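Computed over heavy atoms, backbone and side chain alike; hydrogens, waters and symmetry mates excluded. Since this is a predicted model, take the numbers as computed values, not measurements.
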There are 2 protein chains.
Amino acid sequence: MTDAFFSTAEEPAGKTSQTPAIGRPTEEELRQGIELLFFAYRDFTADPDSILEELGFGRAHHRVIHFLGRNPEITIGDLLVLLRITKQSLNRVLRALLAGGFVGQRTGTRDRRQRHLYLTESGAALEARLSMPQKDRVSKAFVEAGPNAVAGFKKVLAALLDPQERDRVLKAINRP
Amino acid sequence: MTDAFFSTAEEPAGKTSQTPAIGRPTEEELRQGIELLFFAYRDFTADPDSILEELGFGRAHHRVIHFLGRNPEITIGDLLVLLRITKQSLNRVLRALLAGGFVGQRTGTRDRRQRHLYLTESGAALEARLSMPQKDRVSKAFVEAGPNAVAGFKKVLAALLDPQERDRVLKAINRP
DNA sequence: CAAATAAGTCAATATGACTGACGCATTTTT
DNA sequence: AAAAATGCGTCAGTCATATTGACTTATTTG
């Protein structure tokens, strides 16, 4: 079996590599999609790294900052669910951000065990600075590819999400 | 199926959230694109992890296996360029794969300093096993989103690549 | 009051990346 | 032919991010 998974000669002559109108995508097309996603995501994530390095932060800090920007007053527990990491992993990152004055926390009023996190002014400034190159890249890509392509891009990415959580995630992304 | 994810009803009448025909995409749209990419990629990469864990391997091993499947007889140096990691980083991973019998190497004939790497039979089997869930996910997404959306997906991802290397990468992905 | 929950922390471990340095075999250049 | 450059392997040390497990404290809930 599998003597050449990515072999060039896997399709009979006469057929092309195009997606059939209704059937399953070809092996070739799937592989291309997978690799494209890999490379595009790699370039996409490479953008903010140099800024983070200046501050001695890593991508974990970036993620926290991003989601805090999007979800002000989120509790630790909810942030853990969102990031899908452990409390201990978050802790180190969060401590650094608190110490650096990028993030603040307030004790919950309804439940005083909870800590509500938020970006400080400098935290928000950092968020803006970090997201700038990514927004720039995505913006250029959207403009270049055109609105129709962008719609397809979003549609496919949405379909790639875990079906179980798709609605939840899309709702979170798409809220006003 | 969850249609109208990216409903346009979120902006006040008069303004639409469509990308302006020629202008810059809106902040909202950019943020959505960024987050969608993040979540979709996260789900996408989660697939093979359980298989890898069985074998005591990580994503680094997966990447090596994938690119070895795609580039049989590649040399160490070329693989390093492709993966953009250091020789030392690759070494540990490669040693494990060689020891496990998933990868073999041959001394080059033209230049005997070079090692040409290839997947063994069990390596190819593992590659197939790892890529199966990803292909499945992408396949379902492509079918669900439809050919037009897939074309847009690819177009945007290609536009997200670093301009400097775009041609090189696309050529590598898209070759026969 | 007892139990459950939210959070913080200590400790140990794993993975995957990095830099720097050095050695060996081989090829290329001078 | 000698010198330099190249391809690869490896030792040693570091770093960032993640993990699990166990324990504490404060607080809420049954």
Side-chain angles (χ1 to χ4, degrees), chain A residues 38 41-42 45-46 48-68 73-100 103-118 130, chain B residues 38 42 45-46 48-68 73-100 103-118:
Chain A
F38 172 79
Y41 193 79
R42 184 178 67 174
T45 51
D49 283 0
S50 57
I51 300 166
L52 291 163
E53 206 176 346
E54 275 178 40
L55 296 150
F57 291 158
R59 288 187 194 165
H61 302 81
H62 186 191
R63 285 199 289 277
V64 170
I65 285 176
H66 178 90
F67 285 108
L68 243 47
E73 300 303 321
I74 192 173
T75 64
I76 304 275
D78 288 346
L79 186 56
L80 289 177
V81 171
L82 199 60
L83 294 172
R84 281 199 208 151
I85 58 174
T86 60
K87 186 174 53 162
Q88 296 89 327
S89 292
L90 176 60
N91 191 257
R92 198 175 45 89
V93 170
L94 206 48
R95 248 189 301 191
L97 292 173
L98 285 162
V103 171
Q105 57 181 354
R106 272 187 279 274
T107 299
T109 49
R110 211 197 53 201
D111 184 337
R112 297 198 309 173
R113 290 170 304 181
Q114 295 182 327
R115 301 294 132 84
H116 296 270
L117 303 168
Y118 58 91
L130 287 169
Chain B
F38 172 79
R42 184 179 66 174
T45 51
D49 283 0
S50 56
I51 300 165
L52 290 162
E53 208 175 344
E54 275 178 39
L55 296 151
F57 292 158
R59 287 187 195 166
H61 302 81
H62 187 189
R63 286 199 287 277
V64 169
I65 285 177
H66 178 90
F67 285 109
L68 242 48
E73 299 302 321
I74 193 174
T75 64
I76 302 275
D78 287 347
L79 186 56
L80 289 177
V81 171
L82 198 60
L83 294 172
R84 278 200 211 152
I85 58 174
T86 59
K87 184 174 53 161
Q88 296 91 326
S89 293
L90 177 60
N91 191 255
R92 200 169 49 88
V93 171
L94 205 49
R95 247 189 303 190
L97 292 173
L98 285 161
V103 171
Q105 57 182 351
R106 273 187 277 275
T107 299
T109 49
R110 211 198 52 202
D111 184 336
R112 298 196 309 173
R113 291 170 304 181
Q114 295 182 326
R115 301 291 133 85
H116 296 270
L117 302 167
Y118 59 92

Among the candidates [options], find the nucleotide nearest to the side-chain atoms of [X].
{"X": "D111(B)", "options": "dT28(D), dG16(C), dG7(D)", "answer": "dG7(D)"}
{"X": "A60(B)", "options": "dG16(C), dG7(D), dT17(D)", "answer": "dG16(C)"}
{"X": "N91(B)", "options": "dG9(D), dA25(C), dA6(C)", "answer": "dG9(D)"}
{"X": "R115(B)", "options": "dA5(D), dA12(D), dC8(D)", "answer": "dC8(D)"}

Would you please confirm or rule out a distance under 4.0 Å between OP1 or OP2 of [N] and any side-chain N or O of [X]?
{"X": "H61(A)", "N": "dT17(D)", "value": "yes"}
{"X": "R63(A)", "N": "dA18(D)", "value": "yes"}
{"X": "S89(A)", "N": "dT19(D)", "value": "yes"}

*Hey, which sits more toward the 5' end of DNA chain D by its nearest nucleotide, R84(A) or K87(B)?*
K87(B)
Whole Å only: how far is the [atom1] atom of [X] from the [atom2] atom of [N]?
{"X": "Q114(A)", "N": "dT5(C)", "atom1": "CD", "atom2": "P", "answer": "13 Å"}
{"X": "R59(A)", "N": "dC15(D)", "atom1": "CZ", "atom2": "P", "answer": "19 Å"}
{"X": "I85(A)", "N": "dA16(D)", "atom1": "CD1", "atom2": "C1'", "answer": "12 Å"}
{"X": "L79(B)", "N": "dG7(D)", "atom1": "CG", "atom2": "C1'", "answer": "14 Å"}
{"X": "E53(B)", "N": "dT19(D)", "atom1": "CD", "atom2": "P", "answer": "11 Å"}
{"X": "R113(B)", "N": "dG9(D)", "atom1": "CZ", "atom2": "P", "answer": "13 Å"}

*About how many Å separate CG of L90(A) and CZ of R63(A), when rounded to the nearest 0.5 Å?*
11.0 Å
*Inter-residue atom distance H116(A).NE2 - L79(A).CG, 0.5 Å rounding*: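 Between H116(A) NE2 and L79(A) CG, I get 12.5 Å after rounding to 0.5 Å.
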*Between the side-chain atoms of R112(A) and the base atoms of dT27(D), is any donor-acceptor pair under 3.5 Å?*
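For R112(A), whose side chain was compared with the base of dT27(D), there is no donor-acceptor pair (under 3.5 Å).
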_hbond_proxy Q88(B) side chain to dG20(C) base (donor-acceptor, 3.5 Å cutoff)_ =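 Yes, a donor-acceptor pair under 3.5 Å.
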_If you assign each of R95(A) and T86(B) to its closest nucleotide in DNA chain C, which residue comes earlier from the 5' end?_
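The 5'-side residue here is R95(A).
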*Report which part of the nucleic acid Q105(A) touches: base, sugar-phosphate, or nothing (heavy-atom distance under 4.0 Å, all strands).*
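Since only primed, P, OP1 and OP2 atoms lie under 4.0 Å of Q105(A), the category is sugar-phosphate.
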